[in-house]
Amino acid sequence: MPVGDKKMIDFKKELNPAQYEAATNPQGPVLVIAGAGSGKTRTIVYRLAWLVEQGIPPESILLMTFTRKAAQEMLTRTEQILGRPLHGTNGGTFHSFAFSILRQNSAEIGFPNGFTLMDRGDCEDVIREVKSNFGFGQKDRSYPKKATLLDMVTKSRNKEVSIDFLLNSEAFHLACYGQEMEQISDGYAIYKKQHGLMDYDDLLFYLEELLSKDEFLRNSLRSRFQYIMVDEYQDTNLVQARIVQHLAGKNGNIMAVGDDAQSIYSFRGADVTNILKFPEIFNDVKIVRLEQNYRSTQPILDITNAILDGAANKFDKKLFTEKTWGKKPQLMIPLSDFSQSTRILDRIIELQKRHGPEEVAVLFRAGYQSYGLEVALKRLGVGYKKYGGLKFNEAAHIKDVLSFLRLVSNPADIIAWQRCLGHIKGVGPKTAQKIANTVISGDINAINKYTQKYSLLKDILADIDGLREKRSSPATSLEVVIPLYTPILVATYPDDYPRREAGLDQLLQIANNYTDLDSFLADMCLDPDQHREEAAQENVLTLSTIHSAKGLEWNAVIIIDLVEDRFPSRKSMHKPLEYEEERRLLYVACTRAKEELILSAPASLYRKNSDFNEPAVPSPFIRELDNYLFDELHESYSGGMNKQQIAAVPSFDTTPRNADSTPNKKNSSAQKLGHCTHKIFGRGKIIDKVDPNKLKINFPGFGVKVIVEDFVELL
DNA sequence: TTCACTTACCTTTTT
DNA sequence: GGTAAGTGAA
Ligand SMILES: Nc1ncnc2c1ncn2[C@@H]1O[C@H](COP(=O)(O)OP(=O)(O)OP(=O)(O)O)[C@@H](O)[C@H]1O
């Protein structure tokens with residue numbers, strides 16, 4: 001018997017009793033609902049290992065996660081535990097799973113010639129096309145932009161509410177466009193269908209359609225996937241939950257895992273009621289709660305609990321840890337976002353010495369917030385990998401090249417035609433469409449007329465036809481397309497083309513991993529992060545958006561730009577539901593830390609329009625925390641970081657100021673508002689009181705500023 | 001219809 | 001200070 005290197009796993013030793021119960025009871029529906037760091041992911045991994053040890057065929061296991069990377073890591077982890085490879089287990093996202101099923105059954109859902117997946121930019125292009133075909137918003141600058149329109153269209157789809165309802169509930173200022181948006185939405189759907197295109201939402205809805213109408217397929221998938229596990233269930237949307245029901249059945253061997261306090265994707269239609277109602281939807285659900293946090297030290301847990309305590313709807317999480325030791329989190333107040341980069345850089349280097357380069361991460365709300373730090377890191381030669389933010393395959397030159405390959409696979413893809421042909425001199429969107437229609441119709445004479453007029457067109461068409469006939473691999477195809485495209489690249493980006501050429505090389509590297517063109521093209525949408533892995537250096541610092549950091553952990557975590565307007569983002573400030581989601585986002589961020597947590601709230605932000613540093617207020621989530629939860633460090637004008645002198649700095653008091661300590665709004669027109677002084681701008685004249693606690697002040701030499709009143713001293 | 005120029009408006013988060 | 005959309009000449 002080839003027992004060989006097979007390890008014996010002591011499940012009882014590796015798991016606590018609740019985890020053990022969840023991992024080793026595979027029959028029937030199970031819900032694991034528990035706080036951050038309580039070992040939910042670990043439970044899934046051990047369940048996988050346990051199933052395989054019991055002799056369950058790996059290919060009868062389906063693992064759904066929120067990124068492919070997460071799935072991959074869990075499978076790798078399982079292999080390590082088992083001490084042998086795991087073949088045939090299906091792990092991925094709902095979207096990638098849906099794609100794999102749909103491409104084999106495309107005719108059944110009305111795509112007899114297959115379909116092409118669109119990324120965000122393609123969808124926006126279609127929206128623009130549809131909008132202008134309707135003639136909506138012509139010459140009207142205030143008309144919602146294509147990005148906004150697409151947001152509303154997909155959000156109404158994901159939340160499964162009408163556009164009117166959506167606008168009334170969360171974008172009231174757009175409510176007057178409801179009728180036209182409804183039309184755009186319909187037009188968008190028709191356009192996609194006509195041109196063999198699908199967006200991310202279509203994958204899910206068509207899969208649902210297929211599962212509900214094709215009983216044979218449903219049953220065969222059900223018997224194929226006997227054991228289903230879904231991670232991060234709090235961030236699934238309604239249609240995903242229905243897909244799970246189709247696949248598992250109400251009595252199926254389904255394990256859902258999640259934490260309602262970590263729901264951070266409602267902006268794209270995720271609905272936390274999925275996890276809360278799970279016990280009602282499935283039969284005889286075994287509910288497992290985990291209460292021990294194995295990740296973080298007590299002081300970090302204290303601050304994360306305090307962040308949740310401020311939530312409008314309380315979470316009943318009582319996490320405890322045995323790591324009762326540990327450093328208090330630090331709140332750093334650099335003088336500006338500019339100096340934040342250097343101060344943080346100092347800390348990174350110090351932390352990496354103690355924890356190792358890979359055990360340090362910098363997290364932020366939005367991708368652009370790390371730009372300053374990235375410049376500083378590059379200057380010092382500190383390696384890093386970045387997750388989140390701008391996507392490699394959304395860069396114009398990558399999309400250009402890919403659009404050639406898309407035409408090989410789907411000639412009906414007008415959006416791709418427009419990209420390809422748009423670079424020919426004298427050809428714009430309209431001509432491109434005409435040419436495309438001619439090519440599709442196969443009218444040789446008409447095609448020849450065009451190729452005579454546009455010499456480049458001849459080469460393009462010949463290459464596309466050639467590649468289609470030879471059924472060339474993705475890499476071979478790129479090797480044909482890139483030389484064709486390079487002159488265009490050089491002409492379009494005269495100062496920038498070397499960098500972009502390098503990007504095309506990287507694309508070629510990725511293409512080498514594929515034999516099938518359609519899989520390659522789909523994965524460029526479904527797994528937009530793989531180029532990062534491709535180029536990633538080992539054992540380096542991580543920079544990541546918080547969304548992309550979900551489920552991960554590091555010894556030391558730094559969160560930057562924790563100031564009002566940036567975190568929470570300005571748009572969420574006045575929308576209670578979004579505001580609460582921002583709070584959970586901060587909770588997710590802080591709970592990534594095992595031993596050290598540093599929060600940074602620069603005292604001023606550089607504003608491009610005024611070309612000045614304007615004072616910034618720490619995030620309300622920070623202001624509302626009790627001071628004993630963290631140590632506060634302020635950057636002095638000489639550059640060092642000092643423990644705060646309580647009296648010398650403004651207090652971040654959340655309680656409204658006493659009315660008599662500030663000028664009275666009621667009489668502001670009649671009454672003199674007086675003067676004040678500010679740390680940076682000096683003495684100024686108060687012009688007006690705006691918001692509940694902000695003042696409009698004219699500082700001689702600096703101009704008019706709006707400043708939170710805590711930051712000025714009234715005279 | 002295309003393209004180069006001008007102007008308005010912001011810059012979440014992701015499959 | 002960068003993109004997206006409108007303007008007007010060719
Ligand atoms: N029973 C246990 N014994 C030892 N370590 C554990 C145990 N359970 C979990 N851990 C460790 O705690 C850390 C957090 O676990 P895990 O990532 O599974 O938590 P999680 O609940 O998925 O967290 P999150 O919701 O934040 O993603 C990991 O380092 C894991 O190895």
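Every chain is numbered from 1, with letters handed out A, B, ... down the list of sequences. Remember, it's a predicted structure, so these values are computed and weren't measured experimentally.
Under the stacking criterion of a centre-to-centre distance below 5.5 angstrom and an interplanar angle below 30°, A:Phe94 is not stacked against the six-membered ring of B:dT15.
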Quiz prompt | Pair assignment for DNA chain C - dot-bracket with | for other-strand partners, Watson-Crick or G-U under 3.5 Å | solution = .|||||||||

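The closest side-chain heavy-atom distance from A:Lys40 to A:Tyr233 is not below 4.5 Å. Counting heavy atoms from C-beta outward, A:Val230 and A:Phe94 have side chains that approach closer than 4.5 Å. Using a 4.5 Å heavy-atom cutoff, the side chains of A:Thr116 and A:Leu197 are in contact. Between A:Ile460 and A:His423, every side-chain heavy-atom pair lies at or beyond the 4.5 Å cut-off.
The interatomic distance linking A:Glu578 (CD) with B:dT13 (P) rounds to 14 Å, in whole Å. When the P atom of B:dT11 is taken as reference, atom OH of A:Tyr606 falls 19 Å away, rounded to whole Å. Regarding A:Asp122, its CG atom lies at a distance of 15 Å from the C1' atom of B:dT14, rounded to whole Å. Across the protein-nucleic acid pair, A:Leu207 atom CG and B:dT15 atom C1' stand 14 Å apart, rounded to whole Å. Nucleotide B:dC10 holds its C1' atom 13 Å from the CG atom of A:Asp565, rounded to whole Å. Distance CZ (A:Arg120) to P (B:dT15): 13 Å, rounded to an integer number of Å. At whole-Å resolution of the value, CG in A:Asp201 and C1' in B:dT15 are 9 Å apart. When rounded to the nearest whole Å, the span between CD of A:Gln369 and C1' of B:dT11 equals 10 Å.
Residue A:Tyr368 places its side chain closer to B:dT11 than to any other of B:dT11, B:dT2, B:dT15. Out of C:dA5, B:dT13, B:dT14, the shortest distance to the side chain of A:Arg128 is found at C:dA5. Ranking C:dA4, B:dT1, B:dT14 by closeness to the A:Lys145 side chain, first place goes to C:dA4. Each of B:dT13, B:dT15, B:dA4 was ranked by its minimum atom distance to the side chain of A:Thr545; first place goes to B:dT13.
Comment: A:Arg584 does not engage A:Glu580 in a salt bridge, judged by the lack of any side-chain N to carboxylate O separation of less than 4.0 angstrom. A salt bridge links A:Arg157 with A:Asp202: at least one charged nitrogen is closer than 4.0 Å to a carboxylate oxygen.
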Heteroatom pairs (N/O) under 3.5 angstrom, protein to nucleotides 6-10 of chain C:
unit_1	atom_1	unit_2	atom_2	d
C:dG6	OP1	A:Gly137	O	3.2
C:dG6	O4'	A:Arg141	NH2	2.8

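As judged by a 4.0 angstrom heavy-atom cut-off over every strand, A:Ser569 is placed among the base-contacting residues. Using a 4.0 Å heavy-atom distance criterion, A:Lys146 is classed as a sugar-phosphate-only contact. A:Pro568 comes within contact range of no nucleotide atom at all, as no heavy-atom separation falls under 4.0 Å. Residue contacts shown for A:Phe567 are absent, as no nucleic acid heavy atom lies under 4.0 Å away.
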Self-check item: Intermediate values then yes/no, side chain to side chain contact (heavy atoms under 4.5 Å, CB included), A:Thr545 and A:Phe364
Solution: CA-CA 5 Å; A:Thr545 59; A:Phe364 31 84; 3.9 Å; yes

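Within the structure, a side-chain polar atom (N or O) of A:Lys571 is placed less than 4.0 Å from OP1 or OP2 of B:dT11. In this model, the phosphate group of B:dT13 is not approached by any side-chain N or O of A:Ser548 to a distance below 4.0 Å at OP1 or OP2.
Here A:Phe225 and A:Phe97 bring their ring centres to under 6.0 angstrom of each other. A distance of 6.0 Å or more separates the ring centres of A:Tyr265 and A:Phe66. Here A:Phe115 and A:Phe99 bring their ring centres to under 6.0 angstrom of each other. Here A:Tyr143 and A:Tyr177 bring their ring centres to under 6.0 angstrom of each other.
At a cut-off of 3.5 Å, with distance as the only test, a side-chain donor of A:Tyr188 or A:Asp199 sits close to an acceptor on the other residue.
If you check residues 62-69 of chain A against DNA chain B, the residues with a heavy atom closer than 4.0 Å are A:Phe66, A:Thr67, listed by number.
When the nearest nucleotides of DNA chain B are assigned to A:Asp151 and A:Lys430 by heavy-atom distance, the more 5′-ward of the two goes with A:Lys430. In terms of position along DNA chain B, the nucleotide closest to A:Ala432 lies nearer the 5' end than the nucleotide closest to the other residue of the pair A:Gly388 and A:Ala432.
Using bins of under 30°, 30° to 60° and over 60° for the plane-to-plane angle, the ring pair A:Tyr579/A:Phe621 lands in the tilted bin.
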